[in-house]
Amino acid sequence: QLQLVESGGGLVQPGGSLRLSCSISGFTLDNYAIGWFRQAPGKEREGVSCISNSGGNTNYADSVKGRFTISRDNAKNTVYLQMNSLKPEDTAVYYCAKSIQRLLCRTVLSWYDYWGQGTQVIVSS
């Protein structure tokens, strides 16, 4: 019943932009924090960004700070990740996930209990 589905990935040139969407069903979105994670080939999954239930608290990895922006539209049950100035190092499968927390946002892997299937982002010239 509880589902998270990512979309918006694709192939872009360095310096380009993409907006990822996470469509959520089966729970009340505004009650939980949501996170974005990514996993590059041969590497461990790492936190990218997260947003609290109200949207008032956000967190970004140093590697994406100033380039990525997380937002949420609770009425549409959707969380977004706007990615600008993309670099080849951003190439990865991107996942959204539901946190067990509500008011506090952290990209701590153990805080997330439900995951989407991921969407591929490739940054290459």
Side-chain angles (χ1 to χ4, degrees):
Q1 189 71 21
L2 194 156
Q3 292 183 317
L4 302 92
V5 180
E6 303 92 339
S7 62
L11 174 64
V12 296
Q13 294 184 338
S17 297
L18 284 174
R19 188 178 73 161
L20 305 183
S21 298
C22 177
S23 179
I24 300 162
S25 63
F27 65 95
T28 303
L29 178 61
D30 61 3
N31 282 339
Y32 296 95
I34 300 293
W36 283 98
F37 297 78
R38 67 186 182 186
Q39 189 165 19
K43 297 186 180 296
E44 295 183 351
R45 192 168 299 185
E46 63 175 346
V48 176
S49 183
C50 61
I51 186 167
S52 64
N53 59 347
S54 68
N57 181 222
T58 59
N59 195 11
Y60 297 91
D62 289 340
S63 59
V64 307
K65 194 172 299 181
R67 299 187 297 120
F68 291 11
T69 303
I70 191 169
S71 62
R72 64 192 298 160
D73 187 338
N74 291 338
K76 296 181 178 179
N77 277 5
T78 303
V79 175
Y80 303 96
L81 185 68
Q82 179 67 46
M83 306 186 296
N84 298 326
S85 302
L86 284 163
K87 305 175 181 179
E89 306 94 273
D90 297 318
T91 296
V93 176
Y94 283 72
Y95 302 88
C96 64
K98 168 189 166 292
S99 176
I100 62 174
Q101 300 290 339
R102 294 176 172 84
L103 302 179
L104 183 61
C105 167
R106 295 282 304 280
T107 53
V108 177
L109 201 60
S110 62
W111 286 19
Y112 295 83
D113 55 359
Y114 290 94
W115 295 79
Q117 292 299 116
T119 186
Q120 177 71 251
V121 172
I122 300 174
V123 185
S124 177
S125 59

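In this structure the side chain of Gln101 never reaches within 4.5 angstrom of the side chain of Val108, judged on heavy atoms. Residues Gln117 and Val5 form no side-chain contact, since every pair of their non-hydrogen atoms from C-beta on lies 4.5 Å or further apart. Looking at heavy atoms from C-beta onward, Met83 lies out of side-chain contact with Arg67 at the 4.5 angstrom threshold. Contact check for Ser49 versus Leu81: side-chain heavy atoms found under the 4.5 Å cut-off.
Heavy atoms of other residues, nucleotides or ligands lying less than 6.0 angstrom from CZ of Arg45 number more than 12.
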(request) Step by step, work out the side chain to side chain contact (heavy atoms under 4.5 Å, CB included) result for Val64 and Arg38. (result) CA-CA 12 Å; Val64 307; Arg38 67 186 182 186; 3.9 Å; yes

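Pairs engaging residues 35-71 under the ring-ring contact (aromatic ring centres under 6.0 Å, His included) rule: Phe37-Tyr112, Phe37-Trp115 [sequence neighbours left out].
Cluster annotation: Tyr95 is not connected to Leu86 through the hydrophobic network of ILVMFWY side chains, with a link wherever side-chain heavy atoms come within less than 4.5 Å. Note on Ile70: it does not cluster hydrophobically with Leu104, by side-chain heavy-atom contacts below 4.5 Å among ILVMFWY residues. Transitive grouping of hydrophobic side chains (ILVMFWY, heavy atoms separated by less than 4.5 Å) keeps Leu11 and Val121 in distinct clusters.
Rounded to the nearest 0.5 angstrom, Ser23 OG and Tyr80 OH are separated by 8.5 Å.
Between Lys76 and Thr78 the shortest heavy-atom distance is O-OG1, 2.9 Å. Across all non-hydrogen atoms, the minimal contact from Asn59 to Thr107 is ND2-N, 4.2 Å. Contact detail for Ile24 and Ile34: the closest heavy-atom pair is CD1-CD1, 3.9 Å. Of all heavy-atom pairs spanning Ile51 and Arg72, the tightest one is O-NH1, 3.4 Å. Shown here for Ala40 and Ala92, the closest heavy-atom pair between the two residues is N-CB, 3.8 Å.
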N/O donor to acceptor pairs below 3.5 angstrom from side-chain atoms of residues 13-21, sequence neighbours left out:
unit_1	atom_1	unit_2	atom_2	d
Ser17	OG	Asn84	OD1	2.9

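Put simply, the side chain of Thr91 gets close to the backbone of Val123: a donor and an acceptor are under 3.5 Å apart. Side chain of Gln3 to main chain of Gly26: no donor-acceptor pair is present (N/O by atom type, distance under 3.5 Å, no hydrogens or angles). Using a distance-only test at 3.5 Å, with no hydrogens or angles considered, no donor-acceptor pair links the side chain of Thr119 to the main chain of Glu6. Formation of a donor-acceptor pair under 3.5 Å by the Asn57 side chain with backbone atoms of Cys105 is found in this model. Between the side chain of Gln39 and the backbone N or O of Lys43 there is at least one donor-acceptor pair closer than 3.5 Å. Checked by atom type and distance alone, the side chain of Arg102 never pairs as donor or acceptor with a backbone atom of Asn53 at under 3.5 Å.
Contact check on Asp62 versus Lys65 returns a salt bridge, with a Lys/Arg side-chain nitrogen under 4.0 Å from an Asp/Glu carboxylate oxygen.
For the pair Lys98 and Tyr114, the cation does not sit on the ring face, since its NZ or CZ is not both under 6.0 Å from the ring centre and inside 45° of the axis.
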